[in-house]
Amino acid sequence: MTSTDVRTEAEDSGPSGYAAARLRLLQEGARSGPPRRAALAELTDDWLSGLFDAGADKLRGISLVAVGGYGRGELSPRSDLDLLLLHDGSADPGAVASLADRIWYPIWDLGLDLDHSVRTPAEARKTAGEDLKVQLGLLDARHLAGDLGLTAGLRTAVLADWRNQAPKRLPELQELCAERAERQGELQFLLEPDLKEARGGLRDATALRAVAASWLADAPREGLADARRRLLDVRDALHLTTGRATDRLSLQEQDQVAAELGLLDADTLLRQVYEAARVVSYASDVTWREVGRVLRSRAVRPRLRAMLGGGKPTAERSPLAEGVVEQDGEVVLARAARPDRDPVLPLRAAAAAAQAGLPLSLHAVRRMAAGVRPLPTPWPAEAREQLVTLLGSGPSTIEVWEALEAEGLITRLLPDWERVRCRPQRNAVHIWTVDRHLIETAVRAAEFTRRVHRPDLLLVSALLHDIGKGWPGDHSVAGEIIAKDVAARIGFDRTDVAVLATLVRHHLLLVETATRRDLEDPATVRSVAEAVGSQGTLELLHALTEADALATGPAAWSSWRASLVADLVKRVAAVLAGDVPEEPEAAAPTAEQERLAIEAARTGGPVLALRAQTEPPTEPPTEELSGDPEPLGVELLIAVPDQEGVLPAVAGVLAMHRLTVRTAELRALDLPDGVSGSVLLLNWRVAAEYGSLPQAARLRADLVRALDGSLDITGRLAERDAAYPRRRGIVAPPARVSVAAAASRLATVIEVRAHDAPGLLHRIGRALENAHVRVRSAHVSTLGANAVDAFYVTGPDGSPLPGEQAASVARALEDTLRE
């Protein structure tokens, strides 16, 4: 059926005919995107025009006007209809109201959302002057039916008002955009973005149209129309797959939306959304900067003209670098600059802009993108130095880098960047896409350049450490290969290339080892020393580790993790210096730990202490961790006579009391001479899910019952889960359990990576007990929604498990956690 047939059916059959024609149009597979939106708008126009004509009779001086998104003809499947019934005031008010009812009620009867108003032109202009959102909607006013001259007169008046009031209204519009961005976040980084309200979304694209209509400034148009179309296409698919008028692209709907659009998967969908949002965001930045420049110029010009006797002032140009100058708050190219003869110019201009804390002019970036020659391979020393300067400029690096990236200069300088560009990270700990995370890491690393002997290697490793995430397999392994190629192309010598490759390959080594391994075990320290190779590389890796974690998100770094990493670095440095540790001796207990252990041995029962902890548990903060101590939850110390079931009992009691385990350590403690028995010491960090902490006496009483078997923890937790079913959330990846080969000479190390949940540690402890292994020590940490735990286990005789038995225990534990 053709579009004409569909419209005819709608006109002939009234509301029911329109509904059928609308449904048929939305189900057509051959039409999508702009053609479908235009057809839907045209179909709706014809229907509403019919309703108007049938009810208007002999009324004069009245018209029906589409405004907002409908005025632009951008009707998504579940879009609301923005309508204005405009009249000149001459008609009988009752007749106007009756006509409005004849139009509004059929729309409501079909279940369509409607935003409606009935106004005279004067009332419409007055309301627009008081409400910026109304004025923005009227800028897109489109005549549907009735008196065309009345509609045209309103459009002309509204546009004239907008242009006359632009110096006042545009700053107000900019403030609205900024407030919305603060509430909704940036579309280009969100895992569940709002396509309309988030920064870089459809609202911002509409705001750019309004700025252009003011004639005060205009947005960069290259790519903007395509970006807007892509966001609208995604919203159309979202409406069709959900059947709801929603702009939120939630995780559970992304695969269906991707399929509706014919895309490979949800990641491909998100990447396209991010790319579109990035275009809109960059255009917004450039446009609002231009608006500010024009408004400042208008404010200053009258005074300058008076001072200069009416002459036109000449813009001042201050040199920043070879071929680069500052003009009117932006970095532009000097008049003598020749991009076609100066391949280093883009990096030099970018470094100068970042160092000065100024934006790169759009015209300058486009001129360089159009005419600059490729850099030779390897790069000249100046190019490498300018890149390092750019990366070491701190937060101002971000805006400059985005300007280069918007015009394709980054991927021309670093072709491997394309694979990580706009690549989403489906991990709640990460708050950035891969490419932005790399730049954020460089920004963080810039703070640590005084801590290392080779800041250039630190900054470049920060830029490249996750470059392998665009390739299949382990991103650290792939990244090492890419880093070697990139470092050689940039012009580093063979020794520096090897260091950069090592940093990329092992950028997770320190934090993973420090939080998951027994640092008292010489095998742990020696393995890190062998991987790092030199004290200089260790120094760089330490700084990169912190920069990477700080750039990941607030859940990835803490004073506790910093202190553990610092402790590991100190031990590894001693090994690299030739100070090889002896076989481990038991760590000396603190006075409080020894007191608790002696009391537990004498009483034969558990003894515990519960107290607030605001300092790192090991060494005091180093100078890079200065500042107010951060709260680390509550420290729970438990000493209990060595027996079976300690780990699941303690974890279960904590779960019963709704205490979340942030970190946990368990180890056997040597008792002083004269005190018999063996005691286990548990040093845990816990936090209440909500409410206040339970009393220590209550915890101890429940722990006693759990250890003697009179408290059915498993049953109690199951009852609570049944009574309070968990809310629907994301589908977490299955748990993964592995045996860490050669991680320790004294025990078998079993690693558990799972989605954190109440009672998880209790289930792990029970599974290990059922496997008839003893937990010699445990190192538990929670990172965002992920639990990353390491358990040092032995057989009943205290020896590491044979290979096949260790693998069997790991498989059984994995099966338990997947049930």
Specify the closest pair of heavy atoms between [X] and [Y], including all atoms of both residues, with the distance to one decimal.
| X | Y | value |
| --- | --- | --- |
| L519 | L564 | CD1-O, 3.9 Å |
| S461 | L544 | OG-CD2, 3.9 Å |
| G329 | L358 | O-CD2, 3.7 Å |
| H465 | H475 | O-CD2, 4.3 Å |
| S281 | G200 | OG-CA, 3.3 Å |
| V280 | A227 | CG2-CB, 4.1 Å |

Does [atom1] belonging to [X] count more than 12 external heavy atoms closer than 6.0 Å?
| X | atom1 | result |
| --- | --- | --- |
| K469 | NZ | yes |
| R736 | CZ | no |
| E179 | CD | yes |

Between T268 and D265, a side-chain donor and acceptor under 3.5 Å: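 Per modelled atom types, T268 and D265 side chains form a pair under 3.5 Å.
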For residues R348 and Q386, is any side-chain donor paired with an opposing acceptor at under 3.5 Å?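 The answer is no; no qualifying pair exists.
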Could you check if a side-chain atom of [X] sits within less than 4.5 angstrom of a side-chain atom of [Y], using non-hydrogen atoms only?
| X | Y | result |
| --- | --- | --- |
| D435 | I410 | no |
| F448 | L550 | yes |
| E407 | L362 | yes |
| D496 | R454 | yes |
| V234 | L195 | yes |
| L413 | L387 | no |
| L191 | H430 | no |
| D548 | H437 | yes |

Could you go through F492 and V460, starting from their C-alpha distance and side-chain angles, then the distance that decides it, and tell me whether this counts as side chain to side chain contact (heavy atoms under 4.5 Å, CB included)? CA-CA 11 Å; F492 285 104; V460 174; 3.9 Å; yes
Determine yes or no for a side-chain-to-main-chain donor-acceptor pair under 3.5 angstrom, with [X] supplying the side chain and [Y] the backbone.
| X | Y | result |
| --- | --- | --- |
| Q188 | C422 | no |
| E539 | H453 | yes |
| E197 | R203 | no |
| S393 | T389 | yes |
| T502 | A498 | yes |
| R423 | R419 | yes |

Can a salt bridge be assigned to the pair [X] and [Y] using a cut-off of 4.0 Å between side-chain N and carboxylate O?
| X | Y | answer |
| --- | --- | --- |
| R561 | E546 | no |
| R384 | D456 | no |
| E520 | R571 | yes |
| R180 | D194 | no |
| R489 | D416 | yes |

Passes side chain to side chain contact (heavy atoms under 4.5 Å, CB included), R516 versus V749? Steps please. CA-CA 9 Å; R516 305 179 195 176; V749 180; over 6 Å; no
Rounded to the nearest 0.5 Å, what's the gap from [atom1] on [X] to [atom2] on [Y]? Could you check?
| X | Y | atom1 | atom2 | result |
| --- | --- | --- | --- | --- |
| S476 | I467 | OG | CD1 | 12.5 Å |
| T433 | E440 | OG1 | CD | 9.5 Å |
| L270 | L190 | CG | CG | 10.0 Å |
| I481 | R505 | CD1 | CZ | 10.0 Å |
| E326 | S361 | CD | OG | 12.0 Å |
| E222 | R366 | CD | CZ | 4.0 Å |

Passing option when V344 is tested against R373, E382, E322 for side-chain contact (heavy atoms from CB on, under 4.5 Å):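 One option only clears the test, and that one is E382.
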Which donor-acceptor pairs under 3.5 Å do side chains of residues 527-537 form with protein atoms, sequence neighbours excluded?
from, atom 1, to, atom 2, distance (Å)
S527, OG, A523, O, 3.3
S527, OG, T524, O, 2.7
S534, OG, T537, N, 3.2
S534, OG, T537, OG1, 2.9
Q535, NE2, A573, O, 3.3

Ignoring hydrogens and angles, write down the donor-acceptor pairs under 3.5 Å from the side chains of residues 397-406, residues two or more places apart or on other chains.
from, atom 1, to, atom 2, distance (Å)
T397, OG1, L390, O, 2.6
T397, OG1, G394, O, 3.0
E399, OE2, R289, NH1, 3.3
E402, OE2, R436, NH1, 3.3
E405, OE1, R278, NH1, 2.9
E405, OE2, W417, NE1, 2.7

Audit row: L538, L510, side chain to side chain contact (heavy atoms under 4.5 Å, CB included) steps and yes/no: CA-CA 9 Å; L538 177 65; L510 293 183; 4.3 Å; yes
Decide yes or no on side chain to side chain contact (heavy atoms under 4.5 Å, CB included) for L231 and V273, but give the supporting numbers first. CA-CA 7 Å; L231 292 176; V273 169; 4.2 Å; yes
